[in-house]
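Reading through the structure tokens given below for one structure.
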Amino acid sequence: MGRSIPIEPLSEPLADGVVAVRLRRESDLPAIGAASHDPQTRRWLDDEPMDEAALGTSMAKVEEAWRSGRAAPLLIADAETDEPVGIINLQFRDDEVATVAYSVFPAYRGRGIAPRAVRLLAGWALGDLGLTQLLLEAAAENTSSVRVAEKCGFQRSDGRVGSSGEGRPATVVFARTKE
């Protein structure tokens with residue numbers, strides 16, 4: 001899965017005055033690594049917590065994701081202080097469709113950061129990148145992510161719903177198309 005061509009990384013952050021979605025930097029890695037160990041994050045994401053080895057190779061993997069057209073890994077930052085407050089990614093299925101994945105760091109939850117970042121990313125993806133559809137998958141029990149999808153104009157689709165049979169929670173798929 002991925003695009004047939006590399007993705008041109010953002011030249012400027014996507015910002016709304018409260019949050020900024022920007023390229024990841026080496027200096028962001030301690031915050032990203034710490035958040036990867038948070039129990040609430042672990043509950044909803046499939047990614048393993050980052051150890052020193054993972055942190056050491058993280059930036060090379062980020063650069064390869066952009067080059068290969070597989071993904072666009074970005075950081076959510078406070079628009080005023082540039083402090084890392086979360087991560088957000090586009091994971092490309094092909095040249096026209098991508099999945100949005102995000103996580104807000106524990107100290108910043110409940111402030112409306114995720115919907116702001118998803119709106120910024122969706123505008124860029126459906127506009128500048130020329131995608132025709134964005135998907136957002138959420139565990140049905142993850143009411144916060146379900147609300148983010150709904151606030152950002154994603155509609156429930158006929159995507160997979162139900163347990164994977166491996167103790168994983170039921171997943172709801174949302175879609176947003178180019179207007």
Side-chain angles (χ1 to χ4, degrees), residues 1-15 19-79 81-109 111 113-114 116-125 128-131 134-139 142 144-145 148 160 164 166-169 171 173:
M1 287 198 296
R3 289 174 62 104
S4 60
I5 57 171
I7 305 121
E8 187 66 35
L10 290 172
S11 58
E12 294 289 324
L14 308 169
V19 301
V21 174
R22 62 165 173 78
L23 297 177
R24 292 185 188 178
R25 302 178 191 138
E26 191 81 31
S27 60
D28 300 324
L29 294 179
I32 294 169
S36 76
H37 292 270
D38 169 62
Q40 191 69 9
T41 300
R42 301 286 319 123
R43 181 175 179 194
W44 305 121
L45 297 181
D46 292 335
D47 301 335
E48 291 295 319
M50 296 178 81
D51 58 16
E52 287 301 316
L55 287 171
T57 61
S58 180
M59 290 308 294
K61 288 180 180 179
V62 164
E63 291 165 7
E64 177 56 26
W66 285 93
R67 261 193 314 277
S68 70
R70 191 179 72 250
L74 296 158
L75 184 100
I76 307 168
D78 180 287
T81 66
D82 199 39
E83 182 176 354
V85 299
I87 56 173
I88 191 163
N89 302 307
L90 280 178
Q91 298 158 337
F92 296 95
R93 295 194 173 194
D94 57 36
D95 287 335
E96 295 186 3
V97 179
T99 301
V100 177
Y102 58 87
S103 178
V104 175
F105 298 161
Y108 301 95
R109 293 184 184 138
R111 300 181 190 183
I113 289 169
R116 287 176 172 280
V118 169
R119 282 187 201 105
L120 289 167
L121 188 73
W124 176 65
D128 294 350
L129 289 182
L131 299 181
L134 290 178
L135 302 174
L136 192 155
E137 298 177 359
N142 188 344
S144 295
S145 277
V148 168
R160 70 181 162 166
S164 68
E166 300 169 2
R168 304 279 311 156
T171 300
V173 180

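Remark: L121 CG to R116 CZ distance equals 15.5 Å, nearest 0.5 Å. The CG atom of N142 sits 12.5 Å away from the CD atom of E137 when rounded to the nearest 0.5 Å. The structure places CG of L14 at 14.0 Å from CZ of R119, a figure rounded to the nearest 0.5 Å. Here the CD1 atom belonging to I87 is positioned 10.5 Å from the CG atom belonging to L74, to the nearest 0.5 angstrom. Rounded to the nearest 0.5 angstrom, L90 CG and L134 CG are separated by 6.5 Å. Distance CD1/I7 to OG/S68: 6.5 Å, rounded to 0.5 Å.
Nearest heavy-atom pair, V19 versus A117, reported as atom, atom and distance to 0.1 Å: CG2-N, 4.1 Å. The two residues W66 and P9 have their closest heavy-atom pair at CZ3-CA, 3.3 Å. Considering all non-hydrogen atoms of both residues, R3 and D94 come closest at CG-O, 3.6 Å. Contact between P73 and N89 at its shortest, heavy atoms only, is CA-OD1, 2.9 Å.
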What verdict does the salt bridge (Lys or Arg N to Asp or Glu O under 4.0 Å) test give for D82 and R25, after you've listed the backbone C-alpha separation in whole Å, the side-chain angles of each residue and the deciding distance to 0.1 Å? CA-CA 11 Å; D82 199 39; R25 302 178 191 138; 2.5 Å; yes
- Task: Evaluate the side-chain contact (heavy atoms from CB on, under 4.5 Å) criterion for residues L75 and I32: first the C-alpha distance (whole Å), next the side-chain angles of each, then the deciding distance (0.1 Å), finally the verdict.
- Result: CA-CA 9 Å; L75 184 100; I32 294 169; 3.9 Å; yes
*asked:* Applying side-chain contact (heavy atoms from CB on, under 4.5 Å) to L131 and F92, what does each step give before you reach the verdict?
replied: CA-CA 10 Å; L131 299 181; F92 296 95; 3.9 Å; yes
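Side-chain contact between E8 and D128 is absent, with no heavy-atom pair separated by less than 4.5 Å. L136 has its side chain within reach of Y102: a pair of non-hydrogen atoms, C-beta onward, lies under 4.5 Å apart. The closest side-chain heavy-atom distance from V85 to R111 is not below 4.5 Å. For the pair Y108/I76, no side-chain contact is recorded, criterion being any heavy-atom separation below 4.5 Å from C-beta on. Contact of the R22 side chain with the L10 side chain is not registered, since no non-hydrogen atoms from C-beta on lie closer than 4.5 Å.
Look at K61 and E64 and you find no salt bridge, because none of the NZ, NE, NH1 or NH2 atoms lies under 4.0 Å from a carboxylate O.
For D28 (side chain) and P84 (main-chain N/O), no donor-acceptor pair under 3.5 Å exists by modelled atom type. In terms of modelled atom types and a separation under 3.5 Å, the side chain of R109 and the main chain of V104 share a donor-acceptor contact.
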